Amino acid sequence: MADVSLLPRTFYEREPSEVAPALLGKLLIRKLRKKILVGRIVEVEAYLGNADPAAHAYAGMTARNAVLFGPAGHAYVYFIYGMYYCLNFSCEPKGMAGCVLLRAIEPISGLEEMARLRRVPLKGAPGRLTGGPGKLCQALDITRSAINGVDVTQPDSPLQVADDGLDPREIVATPRIGIRKAADLPLRFLLKGHHCVSGR
DNA sequence: ACTCGGATTCTCT
DNA sequence: GAGAATCCGAGTA
């Protein structure tokens with residue numbers, strides 16, 4: 001893994017529908033006390049802020065979604081269904097409060113620690129480890145208290161995104177998963193045929 | 001292969 | 001007090 005560069009803030013200062021597919025193939029890096037966990041982003045969803053009824057920011061700023069109304073390139077972590085967290089990155093344009101939801105990664109490094117955090121056996125399909133928004137947060141120890149509001153463009157941040165030069169082969173767009181409103185928009189992006197995307 | 005429901009708690013009305 | 005950008009196991013087939 002030579003030539004790995006941190007994604008700059010300008011990367012996030014675009015429309016979510018542009019940032020989302022651009023994140024595919026990038027490396028998600030989680031720094032813990034002693035260990036470093038790495039995964040490759042293989043599935044994301046764009047949320048268009050005040051232009052998108054399915055977005056958390058649609059109804060305006062609250063204590064929960066305040067991060068989305070700040071500068072781009074920050075982590076928005078929310079708690080859902082009583083037991084899971086989901087990870088997003090804030091985007092521009094400013095005031096629009098758009099974001100990108102990370103739905104699945106391919107585990108690259110630190111698989112043992114990920115399996116321990118997930119409480120599943122190490123052997124088995126990698127998609128079982130990080131193939132879903134709730135799963136990847138559990139595998140990388142991402143919680144609202146630890147990660148929400150973190151600037152992912154900083155070298156000393158516990159959560160970062162980097163480019164290692166990989167050019168994704170084929171990207172496909174589909175409707176988003178698990179939402180009631182605006183359920184028809186093709187804002188879910190994934191690496192075609194990848195074995196770590198969410199679902200069965 | 002598919003459908004169904006339970007777990008569990010934060011957030012906003 | 002309702003509903004939620006989920007996951008997993010059980011049941012049926």
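Keep in mind the model is a prediction, meaning the values are calculated, not measured. In the text below, chain A, chain B and the rest are named by the order of the sequence lines, each starting its count at 1.
- When both pairing distances are held under 3.5 Å, C/dA5 makes no Watson-Crick or G-U pair with any nucleotide shown.
- In this structure, A/Ala54 reaches the bases: a heavy-atom distance under 4.0 Å links it to at least one base atom across the strands shown.
- Between the side chain of A/Thr130 and the backbone N or O of A/Ile105, at least one donor-acceptor pair lies under 3.5 Å.
- Ranked by how close their nearest DNA chain C nucleotide is to the 5' end, A/Lys135 and A/Gly178 are led by A/Gly178.
- Between the CZ atom of A/Arg103 and the C1' atom of C/dT6 there is a distance of 9 Å, rounded to whole Å.
- Atom CZ of A/Phe69 sits in a crowded spot, with more than 12 heavy atoms from other residues, nucleotides or ligands closer than 6.0 Å.
- Atom-to-atom, NE2 of A/His56 to P of C/dT6 comes out at 9 Å; the value is rounded to the nearest Å.
- Between atom CZ of residue A/Arg9 and atom OG of residue A/Ser90 there is a gap of 8.0 Å, rounded to the nearest 0.5 Å.
- Within 4.0 Å of A/Arg118, counting heavy atoms only, lie sugar-phosphate atoms of the nucleic acid but no base atom.
- Remark: C1' of C/dC8 and CZ of A/Arg119 are 15 Å apart, rounded to the nearest angstrom.
- Within 6.0 Å of CD on A/Glu18 lie more than 12 heavy atoms contributed by other residues, nucleotides or ligands.
- Counting to the nearest Å, the C1' atom of C/dA5 and the CZ atom of A/Phe189 are 15 Å from each other.
- Of the charged side-chain nitrogens involved, none lies within less than 4.0 Å of a carboxylate oxygen, so that A/Asp156 and A/Lys31 do not count as a salt-bridged pair.
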* Asked: Stepwise, does the ring-ring contact (aromatic ring centres under 6.0 Å, His included) test hold for A/His74 with A/Phe89?
  -> CA-CA 5 Å; A/His74 287 248; A/Phe89 297 140; over 10 Å; no

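- The base of C/dA4 has none of its N or O atoms less than 3.5 Å from a complementary donor or acceptor on the side chain of A/Tyr78.
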Pairwise N/O distances under 3.5 Å, protein to nucleotides 1-10 of chain B:
residue	atom	partner	partner atom	Å
B/dT8	O2	A/Tyr81	O	2.6

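- Rounded to whole Å, atom P of C/dA5 lies 12 Å from atom CG of A/Asn65.
- Of the nucleotides present, none pairs with B/dT8 by Watson-Crick or G-U wobble criteria with both distances under 3.5 Å.
- Closest to the side chain of A/Ile177, from the set C/dT6, B/dC12, C/dA4, is C/dT6.
- Salt bridge status for A/Glu43 with A/Arg188: present, with a side-chain N to carboxylate O gap under 4.0 Å.
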